[in-house]
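One structure is given here, and the rest of the page talks about it.
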Amino acid sequence: MKEGLVIKSTGSWYLVKSDDERPVSCKIKGRFRLNDIKSTNPVAVGDRVIFSVDEKNGIGIIEEILERKNYIVRRASNLSRQTQILAANIDQAILVATINYPVTTPVFIDRFLATTEAYDIPTTIIFNKIDRYDHYHKDQLKETIQIYNNIGYNVLVTSAKHDQNIDLVRELLKNKVSLLAGHSGVGKSTLINRVEPTLNLKTAKISDAHNTGRHTTTFTEMHPLGIGGYIIDTPGIRGFGLFNIKKEELAHFFREIFKFSSQCRYHNCTHLHEPGCAVKDAVEKGNIALSRYNSYVRIFLNRDEKFR
Ligand code: GDP
Ligand code: ZN
C-alpha cells in the first residue's frame, strides 16, 4: 500500500502520484461508487489516497481516501441535484480579473468571493492587464483594490504582457494547490505561462467544449509547477457556484455584511428593506462599500441564481 496524490481524473481513471515515483493509473474499488450516493464521483483531483498496485499489469487500485481539508462541488448536470466533486484539498483560490478588456464586473467578483468564503478557501484577486488601462480605468482599479483590501482580501496587480509583478504571482503560487478562475480572455494562461513557461493551460480549455450536456465528464487535472505546488484549472469552474448555499445564508459569505448583520433589529434580517438594519446603515455611513452591498442584493434577488 502506498499513499499518493490524485493529479488527474477522467471520472473512471485516476492518475495518482506518490512522493518519489512516477504517477500510476488507478481505478477505484467498486464499493466507493456504491457507498457514495450524493456525488457521482467519489474521488477528485487533490485527494490524498491509499492505493495498491497490481504487480502483473501495473494498474493501481484506490483503496481509501484520506480525510479532506476542503472540497468544491458543482451540479452534475442542469437536470439533476447530484453533485460532482471538482477538486479537494485546495490551499487557495486565485481570481484573475480585469477592469477592462474584458470587463470583470463587481458582482462576478463578489459571487466568486462568496463562494470561496463558503468553502473556506483563502482567495487572492489578481487584476491583470494594468498596462492597458487609461486614467479612468486606473482610478477605478485603485478604488476597487481599496474595497477588497479593506475587507481583508489579498490583491495583486499584474501585467502578464510586460512581466510586471510576475515574481509576486510566483511567490503566491509556490508550494500551494491553487484553484485558478476568471473570465476567458483575462490572461490566465499568459500569466501562468510567465510563471511556468512549460505549462500550457490552453490544453485544459479545449476539453471544455466537450464538457457540456447531460452526462458531463469530470475530466480535471492539476498542473504541477516547477517551483512546487499545483494549478487547478478545471473547465468545470464555470458551474461551480453558490448552489450549495441557502439564500438566507448568503450574507454570511460577504464578510463585512456578516459582521454588521449581528446588530440588525431582526435576527432573520435580509438587509433589503427591514427597519433597523445595521447593514444598510453601514452602507449609508460608508462602512460597507456600495458596490459590495449592490452585489449582495443582486445575487440575493437573482432568479437564475442556483441556491440550494
Ligand atoms: P485566458 O483566457 O484567461 O487564459 O486569457 P489569455 O491568457 O489567453 O489572454 C487573452 C489575451 O489577452 C491574449 O491575447 C493575451 O496576449 C492578452 N493578455 C494577457 N495578459 C495581458 C496583459 O497583461 N496585458 C495585455 N495588454 N494583454 C494581455
Ligand atoms: Zn439587516
Side-chain angles (χ1 to χ4, degrees), residues 93-104 108-109 112 124-134 137-138 141 155-170 173 178-209 211 221 223 231-238 247-285 287-288 290 292-297 299-301:
I94 293 166
L95 179 65
V96 182
T98 38
I99 296 292
N100 209 346
Y101 321 110
V103 171
T104 305
F108 180 84
I109 295 175
F112 186 81
T124 294
I125 311 168
I126 299 181
F127 286 99
N128 188 36
K129 304 203 186 185
I130 54 170
D131 59 284
R132 282 200 72 179
Y133 301 155
D134 60 21
H137 295 140
K138 283 197 176 118
L141 176 65
V155 181
L156 297 181
V157 295
T158 58
S159 165
K161 187 175 178 178
H162 294 299
D163 253 330
Q164 231 175 317
N165 288 342
I166 300 303
D167 49 332
L168 297 181
V169 179
R170 192 171 290 123
L173 297 176
S178 305
L179 183 82
L180 190 69
H183 284 310
S184 172
V186 295
K188 293 182 295 300
S189 320
T190 314
L191 211 49
I192 297 306
N193 276 322
R194 293 287 181 192
V195 173
E196 189 85 13
T198 53
L199 207 164
N200 190 1
L201 286 185
K202 293 285 181 198
T203 336
K205 278 196 206 152
I206 292 162
S207 64
D208 201 9
N211 213 351
E221 197 168 354
H223 307 277
I231 296 281
I232 304 173
D233 169 45
T234 160
I237 285 305
R238 216 199 263 158
K247 188 174 175 163
E248 300 72 38
E249 289 172 349
L250 180 63
H252 293 217
F253 308 115
F254 279 73
R255 37 174 86 158
E256 75 284 39
I257 292 182
F258 183 57
K259 205 179 85 191
F260 282 99
S261 66
S262 63
Q263 297 157 37
C264 293
R265 186 178 305 163
Y266 303 111
H267 79 278
N268 58 350
C269 186
T270 60
H271 324 303
L272 299 184
H273 44 65
E274 294 88 339
C277 173
V279 170
K280 276 194 297 177
D281 193 47
V283 175
E284 260 158 45
K285 293 196 173 117
N287 293 327
I288 290 176
L290 184 60
R292 288 276 294 167
Y293 179 72
N294 285 342
S295 292
Y296 166 77
V297 173
I299 295 169
F300 192 96
L301 296 177

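For ligands, and for the atoms within them, numbers begin at 1 and follow the listed sequence. We use all heavy atoms of the structure for the numbers below, so side chains are in, but hydrogens, waters and symmetry mates are not.
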Should Asn128 and Thr158 be marked as a side chain to side chain donor-acceptor pair (under 3.5 Å) after you check the CA-CA gap, both sets of side-chain angles, and the distance that decides it?
-> CA-CA 5 Å; Asn128 188 36; Thr158 58; 3.0 Å; yes

Check for a donor-acceptor pair, side chain of [X] on one end and backbone N or O of [Y] on the other, with a separation under 3.5 Å.
X	Y	answer
Glu274	His271	yes
Lys188	His183	yes
Tyr133	Ile99	yes

Distance under 4.0 Å to a non-hydrogen atom of [X]: what atoms of ligand 1 satisfy this?
X	value
Gly187	1 (P), 3 (O), 5 (O), 6 (P), 7 (O), 9 (O), 19 (C)
Ser184	2 (O)
Arg132	26 (N)

Shortest heavy-atom approach to atom 27 (N) of ligand 1 - which of His183, Lys129, Lys188, His162 = Lys129

For atom 15 (C) of ligand 1, which candidate among Thr190, Val157, Asn128 holds the nearest heavy atom?
-> Thr190

Considering only heavy atoms, does Val186 approach ligand 1 within less than 4.0 Å through its side chain, its backbone, both, or neither?
-> both

Does a side-chain heavy-atom distance below 4.5 Å link Ile192 with Leu173?
-> yes

Any N or O on Gly185 sitting closer than 3.5 Å to an N or O of ligand 1?
-> yes

Do any nitrogen or oxygen atoms of Lys161 lie less than 3.5 angstrom from nitrogen or oxygen atoms of ligand 1?
-> yes

With Phe127, the side chain to side chain contact (heavy atoms under 4.5 Å, CB included) member among Val155, Leu95, Leu156 | Val155

What N/O/S atom of His271 gets nearest to the Zn ion (ligand 2)?
-> ND1

Measure the spacing between CD1 of Ile126 and OG1 of Thr98 and express it to the nearest 0.5 Å.
-> 12.0 Å

